[in-house]
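Have a look at the structure below, then the notes.
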Amino acid sequence: KSIAENNSIAVAWSILKEQQFEHLRRCIFANDGDESRFRQLLINVVIATDITDKARRAGEKRRWETAFSNVAAWQEEWQSLDD
C-alpha cells in the first residue's frame, strides 16, 4: 500500500539525515521526541497524497462532509454579523 509515497518518505528522510543537514535538523527538532513527532507528521502528510487508497479517500470524504455539511447556515450567520 502507498508504495510510491513510502518510497518518497524513505528518500526524504535519508536525505534529511545526511551530515550536511545537521543544522537544519537541530532547527526542526531539538530532541528525540520532536524528531519522532516530525517524522510522523511527514508520514501523515505524504500518505495523505495517496489517491489510490479507496478506504482512506472514503474516510476523508466522510470527514469533509461532516465538517462542511452545514456551510449554508454558517454563511447566514456570518452575513448577519456583517449587518
[atom2] on [Y] to [atom1] on [X], rounded to 0.5 Å:
X: Lys61; Y: Thr66; atom1: NZ; atom2: OG1; value: 12.0 Å
X: Arg39; Y: Leu16; atom1: CZ; atom2: CG; value: 10.0 Å
X: Phe21; Y: Ser14; atom1: CZ; atom2: OG; value: 10.5 Å
X: Ile47; Y: Gln40; atom1: CD1; atom2: CD; value: 9.5 Å
X: Asn7; Y: Ser2; atom1: CG; atom2: OG; value: 12.0 Å
X: Glu5; Y: Asp53; atom1: CD; atom2: CG; value: 9.0 Å

Heavy-atom closest contact (Phe29 atom, Glu35 atom, distance)
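Looks like CB-N, 3.4 Å.
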Where do Arg37 and Asn31 come nearest, in terms of heavy atoms and distance?
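In this case the closest contact between Arg37 and Asn31 is NH2-OD1, 4.4 Å.
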Determine yes or no for a side-chain-to-main-chain donor-acceptor pair under 3.5 angstrom, with Arg25 supplying the side chain and Gln19 the backbone.
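Flag not set: sc Arg25 to bb Gln19 has no pair under 3.5 Å.
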Ser36 side chain vs Gly33 backbone, donor-acceptor pair below 3.5 Å
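No, Ser36 side chain to Gly33 backbone: no donor-acceptor pair under 3.5 Å.
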If two hydrophobic side chains count as joined below 4.5 Å and joins carry through other members, does Ile15 share a cluster with Leu24?
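Cluster IDs for Ile15 and Leu24 match.
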Do you reckon Phe38 sits in the same ILVMFWY cluster as Val11, going by side-chain contacts under 4.5 Å, direct or chained?
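Yes, it is one cluster - the side chains of Phe38 and Val11 are joined through contacts under 4.5 Å.
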Ile3 CD1: over 12 foreign heavy atoms closer than 6.0 Å:
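12 or below, so no.
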Could you check whether atom CG of Asn44 has more than 12 heavy atoms from other residues, nucleotides or ligands sitting under 6.0 Å from it?
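Result for CG/Asn44: enclosed.
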From CA spacing to verdict: side-chain contact (heavy atoms from CB on, under 4.5 Å), Lys17, Glu22:
CA-CA 7 Å; Lys17 297 298 271 184; Glu22 181 180 353; over 6 Å; no
